[in-house]
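Everything on this sheet refers to the single structure shown next.
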Amino acid sequence: MSQKIVAGIDIGGTKIAVALENQAGGRVADRRFPTDVARGPEKIVDEILRAIEEMLAETGAALGAVGIGCPGPIDIERGLVLSPTNLPGWIDFPLVELVEKRFGVPVVLDNDANAAALGEYFFGAGRGFRDLFYVTISTGIGGAIVCEGRIHHGVQAGAGEVGHTIVDPHGTACRCGARGCLETIASGTGIARRMRERLAAQNGGNVENYRRITAETVVEAVRSDNATARAVWDETIEFLAIGLGNAITIVAPQAVVIGGGVAAAGELLLGPLREAIGKNVTMLPIEKVEILKATLGSESGVCGALILGKSALERGQNVR
Ligand SMILES: [Zn+2]
């Protein structure tokens with residue numbers, strides 16, 4: 001029997017990563033390109049699938065299965081991308097059916113945080129732990145629960161969404177419709193917004209004057225001892241420790257793995273966060289919960305998508 005290839009696709013709001021792997025787990029080919037969201041889902045998916053066809057032609061091997069990580073909300077059973085905020089126009093988009101029709105192989109779809117969590121669990125910071133809670137802090141905050149090598153999905157694959165737990169009932173309105181979600185405060189967007197607001201209040205200027213401030217520039221300012229940035233950062237840690245502390249109390253994972261752009265701050269984030277979480281979590285021995293930075297970086301999503309693809313190949317799912 002000829003060697004079967006698995007394809008992994010990581011679709012993001014700004015970039016797409018595609019990779020092929022053989023059954024021994026060896027990376028055969030990969031490609032990355034920007035997501036031109038204005039082109040709409042059909043053209044974007046066609047570009048992805050053509051890239052896979054080209055890579056397959058180069059290797060001469062047959063495709064066995066495809067795994068896809070995509071921003072949620074998604075409907076796993078029906079293989080639909082429902083309407084992610086960072087993928088405008090993807091409304092009830094039948095992604096799985098489209099890929100299955102093109103290639104005639106089993107296709108598994110999961111949301112991007114779940115895929116990244118699988119990547120970290122099997123190949124990154126989560127290796128060796130029985131279960132883990134994964135959180136990604138970037139433009140938004142996503143989360144996922146891995147138990148004994150499997151994602152806990154819950155209703156509409158919505159489990160683990162720590163970014164939309166309410167940590168300040170009187171806080172800022174969130175894009176999800178609630179108020180004071182962790183994401184509004186501690187995401188990259190939330191960190192930059194609070195810094196702009198503080199500077200405008202201190203200096204009497206308009207918030208717009210500070211639009212060039214990002215979470216990254218806030219982190220730089222903390223490192224150079226800027227008092228305003230330090231206050232924003234301390235508040236970020238305080239609220240992350242509430243949200244993640246609650247998640248730890250509910251899930252009791254052996255490890256919490258933190259990914260996303262804001263996690264690039266490293267120990268500036270993790271050191272004080274471990275300490276604050278230690279004070280908030282009282283019902284379990286917090287020293288038995290490792291709080292770690294993700295190690296795969298932007299590769300976690302496509303690694304997870306390949307794991308999803310391998311699971312589809314092993315299960316030998318029937319094509320609909
Ligand atoms: Zn929310």
Side-chain angles (χ1 to χ4, degrees), residues 11-14 37 69-76 80-93 110-117 133-146 151-198 207 213-215 218 232-251 253 256-263 265 269 273 276-277 280-281 294 301:
I11 303 174
T14 55
V37 287
C70 183
I74 57 168
D75 182 330
I76 287 184
L80 304 177
V81 181
L82 298 179
S83 55
T85 45
N86 50 358
L87 291 175
W90 295 56
I91 300 158
D92 298 342
F93 183 70
D110 212 324
N111 77 41
D112 51 358
N114 287 347
F133 190 87
Y134 174 77
V135 58
T136 170
I137 312 173
S138 54
T139 316
I141 295 183
I145 302 165
V146 188
I151 292 289
H152 171 66
H153 284 104
V155 175
Q156 203 175 285
E161 290 296 352
V162 67
H164 298 280
T165 56
I166 294 169
V167 292
D168 178 7
H170 307 294
T172 306
C174 181
R175 64 188 169 98
C176 74
R179 189 168 283 282
C181 291
L182 180 62
E183 178 172 295
T184 65
I185 298 169
S187 65
T189 317
I191 293 167
R193 177 186 55 77
R194 287 183 296 110
M195 183 71 179
R196 290 183 200 125
E197 285 172 359
R198 270 181 196 252
V207 175
I213 285 171
T214 63
V218 174
V232 167
W233 194 246
D234 289 348
E235 194 176 62
T236 306
I237 305 284
E238 181 191 349
F239 282 96
L240 276 176
I242 294 172
L244 291 179
N246 291 345
I248 291 168
T249 298
I250 292 166
V251 179
V256 175
V257 173
I258 305 178
V262 175
L269 175 73
L273 187 57
I277 287 174
N280 292 355
V281 175

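Order of appearance sets the numbers: ligands from 1, and atoms from 1 within every ligand.
The number of protein N, O or S atoms lying under 2.8 Å from the Zn ion (ligand 1) is 4.
Distance alone, capped at 3.5 Å, is enough to place a donor-acceptor pair between the R179 side chain and the G171 backbone.
With sequence neighbours excluded, the residues that form a side chain to side chain contact (heavy atoms under 4.5 Å, CB included) with R175 are T85, H164, E183. Listed by chain and residue number, nothing satisfies the side chain to side chain donor-acceptor pair (under 3.5 Å) test with S187 (two or more places apart in sequence, or in another chain). Not counting sequence neighbours, the partners of F93 by the ring pair (Phe, Tyr, Trp, His ring centres under 6.0 Å) test are W90.
To the nearest 0.5 Å, atom CG of residue N280 and atom CD of residue E238 are 9.0 Å apart. One distance of note links OG1 of T14 with CG of N86; it measures 8.5 Å at 0.5 Å rounding.
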